[in-house]
There are 2 protein chains.
Amino acid sequence: MGRLLAELADSGARRSKSARRIADYVLAQPAEVVSLSIGELARRVGVSEPTVGRFCTGLGLKGFPDFKLNLAAELARQDFHVAGDIVPGDSCADVITKVFDAAHASLQSTRGGLDPGVVEAVVARLRAARSIVIVGQGASASVALDAQHKMLRFDIPVLAHPDNLTQRMAAAGLGADDCLLCISYTGRTRPVIDIARIADATGATVIGLTAPSSPLAGVARFVLPVASGEDTDLYIPMSSRLAQLAVIDVLTTRLAMAQGEDYPAQFRRIKESQLSTRVGKR
Amino acid sequence: MGRLLAELADSGARRSKSARRIADYVLAQPAEVVSLSIGELARRVGVSEPTVGRFCTGLGLKGFPDFKLNLAAELARQDFHVAGDIVPGDSCADVITKVFDAAHASLQSTRGGLDPGVVEAVVARLRAARSIVIVGQGASASVALDAQHKMLRFDIPVLAHPDNLTQRMAAAGLGADDCLLCISYTGRTRPVIDIARIADATGATVIGLTAPSSPLAGVARFVLPVASGEDTDLYIPMSSRLAQLAVIDVLTTRLAMAQGEDYPAQFRRIKESQLSTRVGKR
DNA sequence: TGTTATCTGTAATTAAATTACATTTTGTGC
DNA sequence: GCACAAAATGTAATTTAATTACAGATAACA
């Protein structure tokens, strides 16, 4: 969700009765509101026109037209959501559009659900960790592998075990100073949940990169929520994987930055180490 | 570029002198126009207010305010591109924003560069292939693994070898009926190029999921271009990996669809096979 | 070059949004 | 619980913006 709608949805915000009503209406029918005049909206909500105007200026905007402009812009960003299901008759171009739209949508909603505070807390734990174990099954295995690859580059003591048995053993061997990063789209993959429980019992910090309010999220001490909910089932495994990787990128970037020395320099070093295997240019 | 701006830029469109002037101004300062009144815009362009109004209705919009709304929405979609470099002082929220923006931008430009015709041709080759070998080094290894995982699900004879030596041997053993899918961000990773050459020499179809106009792209018979160019160096490895995965999604989806029986049913079968390991819900 | 169709601008009208001010509601100290 | 202050809301007036109606200009075509 974007800044504006998120702001409106924020129930903590101090707001008058009419303002609350207006906010609720906008949240319920955002797309419709864009094509409404201030008078129409006022009538529908049951308040006066100036009240709507004050509501808008109270949000820091210049007035009602400005509000509509911002709302339209925000909805446009979200509108990748319109991606429909892939159906048998779809052309190749259709599939391209739908897959990419779904990817955008997944990234959008994951970004909206990420709490910088939680991210920072997770980064702090990862930094302090003596060792980090990453688990992910099935399609999440490649995400785990990717996370491992990146973290190793930054000299972070990390291990992604490929098979379930090794994962269990690794989890059981953890201690209070260690971290377990569990990756799962659904948060309902039994073996992964079991491992999370085992690690939790040892006192290790369990971090879930998974669907919010899933069993796995319940076990984890920190949850980095990855969109799943509303989206159609078909895309979940495809596009939420991208979102997971983006979250991994945020974590590793943040880790690298916290690592002390300045980030670009470190990154440059890594890049240079790769150059030897490259041809042409640079 | 979106529908509206593309329309304005279309020099082929039959348009009056003033209309042309207005279109040019909007194209030059789109963001500014959003905050202008019809009178202001008319003054700056040097035409009358009704002319601006007619210009808008002529575009199929309801009027000038509607035009501004559409323009704002369109700009919002493009604005992902603004992602700046990550700099040492960035906050966690900054990093989240930048990483996700870069991901969006990368997806956008990759989508734009994908030619449905090439995708179809690649899919046809993959379908007809006796066997498929996937190679990717370093960070691309996890992409290769992911591709393998998905293709195996659809009963496609595929193998992603983990180490370079095995990859070379596998490539050498290919024949005219086989495919090699090479994954590389830069298209300049020597070992991957070597393997592509070896496979090409055997008559196998070499497909490159890589940067266009790179050495690897030169060797490959088919190129699925993944954005790299303009973007700042720092992000290339992070976000182009997401774009690569999205392309893989398109390929596998298309493969599954072509596989004969209807796609949703097949997908459902796969999902059901996973349910046994899940807890709660469904 | 005359004729017509299209485009453009001026002025009038209508619609929309904001401001000013009066009234009500809500909260607070006693 | 009452008096007062502060905030919120509404009504009406004002201003601003946008559209419409119409007339003049320009360009296209015979």
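The figures here come from the full heavy-atom set of this structure, side chains too, leaving out hydrogens, waters and symmetry mates. We name chains A, B, ... by the order of the sequence lines, and we start the count at 1 in each one.
Spacing between atom CZ of B/R54 and atom P of C/dT8 amounts to 8 Å, rounded to whole angstrom units. Protein atom CZ of A/F55 is 18 Å distant from nucleotide atom C1' of D/dG10, rounded to whole Å. Protein atom CG of B/L61 is 14 Å distant from nucleotide atom P of D/dA18, rounded to whole Å. To the nearest angstrom, P of D/dA17 lies 17 Å from CZ of A/F64. Atom P of nucleotide D/dA13 and atom CD of A/E49 are separated by 14 Å, given to the nearest angstrom. When rounded to the nearest whole Å, the span between NZ of A/K68 and C1' of C/dA15 equals 12 Å. Protein atom CD1 of B/I38 is 12 Å distant from nucleotide atom P of C/dG9, rounded to whole Å. For B/L41 and C/dG9, the CG to P distance is 13 Å, given to the nearest whole Å.
Between A/D24 and A/R20 there is a salt bridge, since at least one side-chain N of the basic residue sits less than 4.0 Å from a carboxylate O of the acidic one.
Taking side-chain N and O atoms only, A/K62 has no distance below 4.0 Å to OP1 or OP2 of C/dT18. OP1 or OP2 of C/dG9 has at least one side-chain nitrogen or oxygen of B/T51 nearer than 4.0 Å. In this model, the phosphate group of D/dT9 is approached by a side-chain N or O of A/S16 to a distance below 4.0 Å at OP1 or OP2. Taking only side-chain nitrogens and oxygens, B/S18 comes nearer than 4.0 Å to OP1 or OP2 of C/dT8.
Shown here for B/A103 and B/L242, the closest heavy-atom pair between the two residues is CB-CD1, 3.5 Å. For the residue pair A/L107 and A/A246, the shortest heavy atom distance occurs at CD2-CB, 3.8 Å.
The backbone N or O of A/V99 sits nowhere less than 3.5 Å from a side-chain atom of B/R111 that would complete a donor-acceptor pair.
Looking at B/F55 and B/L59, their side chains come closer than 4.5 Å, going by heavy atoms from C-beta outward.
Comparing A/V47 and B/G63 against DNA chain D, the residue whose closest nucleotide sits nearer the 5' end is A/V47.
Using a 4.0 Å heavy-atom criterion, one finds that B/V52 contacts no nucleic acid atom at all. Looking at heavy-atom distances under 4.0 Å, B/P50 makes contact with a base.
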